[in-house]
Amino acid sequence: MNFRAILIKGFFPKELPQPFSTKSFGEVITKNGANIPNEFENNKKISISAVHNLARAGALRRKLSIPNPTNFYRLSKFLVQHDAELIKLARKSDFSLTSPGSQTQPRAINPRHSLDSGPLYRAKLRSTSRFILKADISRFYPSIYTHSIPWAMHTKPVAKKNRSAGLIGNVIDLLVRNSQDAQTVGIPIGPDPSLLISEIILGAVDEKLMASQKLRAFRYIDDYEFGCKSYSEAEMILGLLQEELNHFELSLNPRKTSILKLPIRIEKTWVSELRAFSFRKTDKGQEFDLLRYFDHAFELFVKTPDEGVLKYAIARMSGIDILEKNWPLYQNILAQCCLTEPGVIKFVIEQLARYFTAFGIDNLSFEECFNEIISIHAPLGHGSEVAWAIFSLILLSLPVHQKPIEVASVMEDPVVAVLALDAKVKNLTPQDFTFDHFATHMTTENLYGDHWLLSYEANVKGWLPSVGPDDHVMADPCFKYLKDNNVSFYDNSFTLGNVSIKPLPDIKNGGVVGGEIY
């Protein structure tokens, strides 16, 4: 593990809009380490992580965590100091595909296999099996008991007997708890250290399973697949798995745990169908093909709303060159995709970035589309839909209308707040609109609360005044240090031209979109 890499690449969740970055934070901390205030080293300091509500396929939601930078600094520094021992523990499992190891992926701590390898391991497992046990841990990250970290590292009896800082696991337990208001249930979803911690815990589970039974299996994060010769063998392994998980206060999700008789599909039907679709290269031929392709994608979406059909459908278009004559049609289809499943906005933005210089953009359609998304999702507290819609309007220099900005301005999501304030500064919101609710968070106390990102960033950007006569950021030694060194967590100079166009990774193996499998 590399300290600088964790601070720059492993801090913020990858699902945030691109302007959110910890690059300056990581560079300042690692270049000016000798000048860091002593308060940064206070392991007893407690903060609350910022929370960003993430859209997933269908109606599913996930709460991403953005830890306070001071607490993230302490945890990351300690992990790096003990990286040899921790990496060894995280690689205990013989069949985990997500133990740390890959050097080719974009994060600081990466699983040794990417999700697109799933079908290959699935095919291999089934070549010698008659039954498959599929098992999924219920609410894995949110249900991890932080005290189980030392249990996994030192064994439960040892950890219960010795609760001192002499055990590495006890210190990690403390540092994780202190980054989430001292809560003992759950670890942050999004930052890289959580992958390491989860692999240490499940590595201990897998080690116990391997000691008691010869297994044919693979695991990706918390999703298990076991190959079995008989139904009774599958039942026995299921019992063993649940027993070992119980030792760590974890349980299986009954809706996603089942024993299946082979043969069953290796790859989802809709993935195969969308991947196999071909597009002609004539104006009229491509027009008909676009209509048929997305009509079929919409039908598949209706049948399987909890899977990322539309994300995959749009991401696959990275390998297709849209002809200028069909660009208006394609834009209308993309706008419909956004309204149908706002989780696709990231992929739509990549498509707009690809063509806007050559063909231009239908601003009126997308202005209406993204404002409608804000109006629908802001009252529901759907942070990622609103954030990506505001970000899209900023990129396209389109206005945020009165009603959408009113409902967005009372959301308790700091990512939305920072984007909304950026839109105001760029004169994209009604001129007389004030963000009174956001302004209440401009206090020193809030720098360690769940709005720390807004409280700090709105100050250093000069967007909102401090509550009271004094600069609230300069009143805190840690955040004063960051401000004095020009640390920022949001790049307000980001433009549509900066958006990177990424092809669908290793499409031949299917089902992979932006690091997720569907």
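The basis for the numbers below is simple: all heavy atoms, side chains too, and nothing from hydrogens, waters or symmetry mates. In this text the structure is predicted, and so the values were computed from the model without any measurement.
Of the possible donor and acceptor atoms, one in the side chain of Q242 sits under 3.5 Å from a partner among the backbone N and O of L252. Under a 3.5 Å cut-off, the side chain of K311 and the backbone N or O of F347 do not form any donor-acceptor pair. At least one donor-acceptor pair under 3.5 Å links the side chain of Y456 to the backbone N or O of K483. In this structure a side-chain-to-backbone donor-acceptor pair under 3.5 Å is present from D476 to C478. A distance-only check finds a donor-acceptor pair linking the side chain of D471 to the backbone of M474 [under 3.5 Å].
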Donor-acceptor pairs under 3.5 Å, side chain of residues 179-189 to any protein atom, not counting sequence neighbours: which ones?
from	atom 1	to	atom 2	distance (Å)
S179	OG	V176	O	2.7
Q180	NE2	Q183	O	3.3
Q180	NE2	G186	O	2.5

In residues 364-372, what donor-acceptor pairs under 3.5 Å come from side-chain atoms, sequence neighbours left out?
from	atom 1	to	atom 2	distance (Å)
S365	OG	D362	OD2	2.7
E367	OE2	H401	NE2	2.7
N371	OD1	H401	N	2.8
N371	ND2	E367	O	2.8
N371	ND2	P399	O	3.1

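For the atom pair CZ of R139 and CG of D222, the computed distance is 12.0 Å after rounding to the nearest 0.5 Å. Distance check: H52 NE2 to L64 CG gives 6.0 Å after rounding to the nearest 0.5 Å. Rounded to the nearest 0.5 Å, atoms OG (S148) and CH2 (W151) are 6.5 Å apart.
Using cut-offs of 30° and 60° for the angle between ring planes, the F11 and W452 rings count as parallel. Between W463 and Y490, the ring planes are perpendicular. Angles over 60° get that label, and only those under 30° would be called parallel. Below 30°, between 30° and 60°, or above 60°: for W388 and F391 the angle between ring planes is above 60°, a perpendicular geometry.
For N446 and H451, the side-chain atoms include no donor-acceptor pair closer than 3.5 Å. Judged by distance alone, the side chains of E249 and S143 never bring a donor and an acceptor atom under 3.5 Å apart. For the residue pair N71/S47, the side-chain donor-acceptor check at 3.5 Å is satisfied. In summary, the side chains of E350 and S318 do not present any donor paired with an acceptor at a separation below 3.5 Å, with no hydrogens or angles considered. Donor-acceptor pairing under 3.5 Å is lacking for the side chains of S138 and N253. Using modelled atom types, one finds a donor on one side chain and an acceptor on the other under 3.5 Å when comparing N53 with R61. Side-chain polar atoms of S99 and R112 form a donor-acceptor pair below 3.5 angstrom. Between the side chains of T444 and H472, no donor-acceptor pair of N or O atoms lies under 3.5 Å. In this model, no donor atom of one side chain and acceptor atom of the other lie less than 3.5 Å apart for N178 and N43. A donor atom on one side chain and an acceptor atom on the other are not found under 3.5 Å apart for Y481 and E39. T70 and K45 are not linked by any side-chain donor-acceptor pair at a separation below 3.5 angstrom, with hydrogens and angles left out of the test.
Aromatic rings from F218 and Y220 are positioned such that their centres are separated by 6.0 Å or more. A ring-centre distance under 6.0 Å is found for F489 and F25. When ring centroids are compared, Y448 and F479 come within the 6.0 Å threshold.
Of all heavy-atom pairs spanning D192 and A108, the tightest one is OD2-N, 2.8 Å. Here the closest non-hydrogen pair linking P111 and L97 is CB-O, 3.9 Å. Taking every heavy atom of both residues into account, S466 and N459 meet most closely at OG-ND2, 3.7 Å.
Around NZ of K403, the count of heavy atoms belonging to other residues, nucleotides or ligands within 6.0 Å does not exceed 12. Within 6.0 Å of NZ in K23 there are 12 or fewer heavy atoms belonging to other residues, nucleotides or ligands.
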**Prompt:** Going through the distances and angles, do V348 and C338 end up as a side chain to side chain contact (heavy atoms under 4.5 Å, CB included)?
**Reply:** CA-CA 8 Å; V348 169; C338 289; 3.5 Å; yes
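Take E207 and apply the salt bridge (charged side-chain N to carboxylate O under 4.0 Å, His left out) test, not counting sequence neighbours, and it matches K92.
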